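The shown structure was predicted, so the numbers you read here are calculated from the model rather than taken from an experiment. For ligands, and for the atoms within them, numbers begin at 1 and follow the listed sequence.
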Amino acid sequence: MSFLESKNLRLTAQRRAIIDTVFNTEEHFTAEQLLGWSRRKDHSVSRATVYRTLPLLTQSGLVREMDFGKDSKFYDPNYADHPHHSHIICGDCEKIVEFESEKLERLECEISQRLGFSVKTQRLQITGACQTMKKLGTCKNKAC
Ligand SMILES: [Zn+2]
Ligand SMILES: [Zn+2]
C-alpha cells in the first residue's frame with residue numbers, strides 16, 4: 001500500500017476493507033456498490049471513508065473513473081492489467097462489458113499519426129441495449 005504511505009495516510013481497518021474489496025473484484029462498480037461490498041468485510045466502513053478513499057485509488061492509477069453520463073460514476077479496477085480495453089454499457093440495466101480490439105488500436109494510431117499526435121490514452125464507450133433488453137424490451141434492475 002505504498003501509495004497510502006506516500007500520502008502519509010494510515011491504513012485504517014476501514015480503508016483496508018475498501019482497498020481489499022477493490023483488489024478482489026474485476027467488476028466495474030459505483031461508490032455505493034463499493035460501500036455495500038466493503039461493509040460485508042467490515043461493518044464499520046462509512047460512506048465518507050469510501051468517498052475519501054476512491055480519489056486516492058484513482059490518483060494512484062489503481063482504479064479508473066468512468067463517466068457514462070449516468071447518475072453515478074463507475075470505477076474500473078481492471079486498467080492496470082488491461083490498459084487498452086474499452087467498454088460497452090447497456091443504457092437500461094447498466095451491464096458493462098469490456099472488449100479489446102487490435103483494429104481499434106491500429107485505427108487510433110493511424111488517426112493520431114495523421115494529425116501529428118502520439119497516443120497517450122484512449123477510451124471508447126459505447127452505449128447500447130443488452131441481449132435481455134433486445135429480447136424482452138426491458139431489463140431494468142435485472143441481473144442480465
Ligand atoms: Zn473495464
Ligand atoms: Zn440491459
Side-chain angles (χ1 to χ4, degrees), residues 1-7 9 11-43 45-115 117-144:
M1 302 300 160
S2 51
F3 73 99
L4 287 178
E5 284 159 22
S6 68
K7 293 185 184 301
L9 291 169
L11 186 57
T12 60
Q14 282 196 36
R15 266 204 194 105
R16 176 174 281 288
I18 294 166
I19 291 165
D20 280 353
T21 304
V22 169
F23 280 142
N24 283 307
T25 186
E26 293 188 349
E27 279 181 60
H28 307 78
F29 54 84
T30 62
E32 289 301 312
Q33 275 174 319
L34 179 58
L35 176 64
W37 296 343
S38 303
R39 277 185 177 161
R40 280 189 222 150
K41 283 189 199 287
D42 182 341
H43 289 299
V45 171
S46 72
R47 181 170 277 109
T49 308
V50 167
Y51 279 85
R52 275 199 306 265
T53 304
L54 271 170
L56 302 174
L57 292 169
T58 54
Q59 279 160 29
S60 66
L62 295 168
V63 166
R64 188 139 139 188
E65 192 179 274
M66 304 193 300
D67 193 340
F68 287 105
K70 298 279 177 184
D71 293 341
S72 29
K73 294 205 169 90
F74 286 87
Y75 295 88
D76 188 338
N78 302 334
Y79 270 103
D81 290 337
H82 305 282
H84 295 296
H85 75 265
S86 301
H87 299 96
I88 185 162
I89 181 172
C90 174
D92 200 36
C93 67
E94 302 182 353
K95 174 192 171 89
I96 296 170
V97 178
E98 299 185 336
F99 64 92
E100 281 185 72
S101 161
E102 279 180 27
K103 248 190 214 167
L104 209 58
E105 275 181 55
R106 275 202 305 275
L107 188 63
E108 284 156 4
C109 264
E110 231 177 82
I111 293 171
S112 318
Q113 271 176 8
R114 190 174 357 116
L115 300 175
F117 284 70
S118 63
V119 182
K120 270 233 171 85
T121 60
Q122 59 79 31
R123 79 178 52 181
L124 175 69
Q125 295 176 345
I126 302 173
T127 306
C130 71
Q131 290 189 357
T132 310
M133 175 75 175
K134 279 201 303 189
K135 233 189 284 168
L136 305 177
T138 177
C139 57
K140 196 109 191 155
N141 301 321
K142 277 183 197 152
C144 62

Measure the acute angle between the ring planes of His85 and Tyr79, then classify it against the limits of 30° and 60° as parallel, tilted or perpendicular. parallel
Lys73 NZ: over 12 foreign heavy atoms closer than 6.0 Å: no
Using the Zn ion (ligand 2) as the apex, give the angle to atoms SG (Cys93) and SG (Cys130), rounded to 10 degrees. 120°
Is there a side-chain contact between Glu27 and Trp37, using heavy atoms and a 4.5 Å cut-off? yes
Would you check if Tyr51 and Glu32 make a side-chain contact, meaning some heavy-atom pair closer than 4.5 Å? yes
Looking only at side chains, do Thr58 and Glu65 share a donor and an acceptor under 3.5 Å apart? no
What protein N/O/S atoms lie closer than 2.8 Å to the Zn ion (ligand 1)? His28 NE2, Asp76 OD2, His85 NE2, His87 NE2, Glu98 OE2
The SG(Cys139)-the Zn ion (ligand 2)-SG(Cys90) angle, to 10°, is 110°
If you draw a 6.0 Å radius around CD in Gln131, do more than 12 non-hydrogen atoms from other residues or ligands fall strictly inside? no
How about Thr25 and Tyr75: do any of their side-chain heavy atoms sit closer than 4.5 Å? no
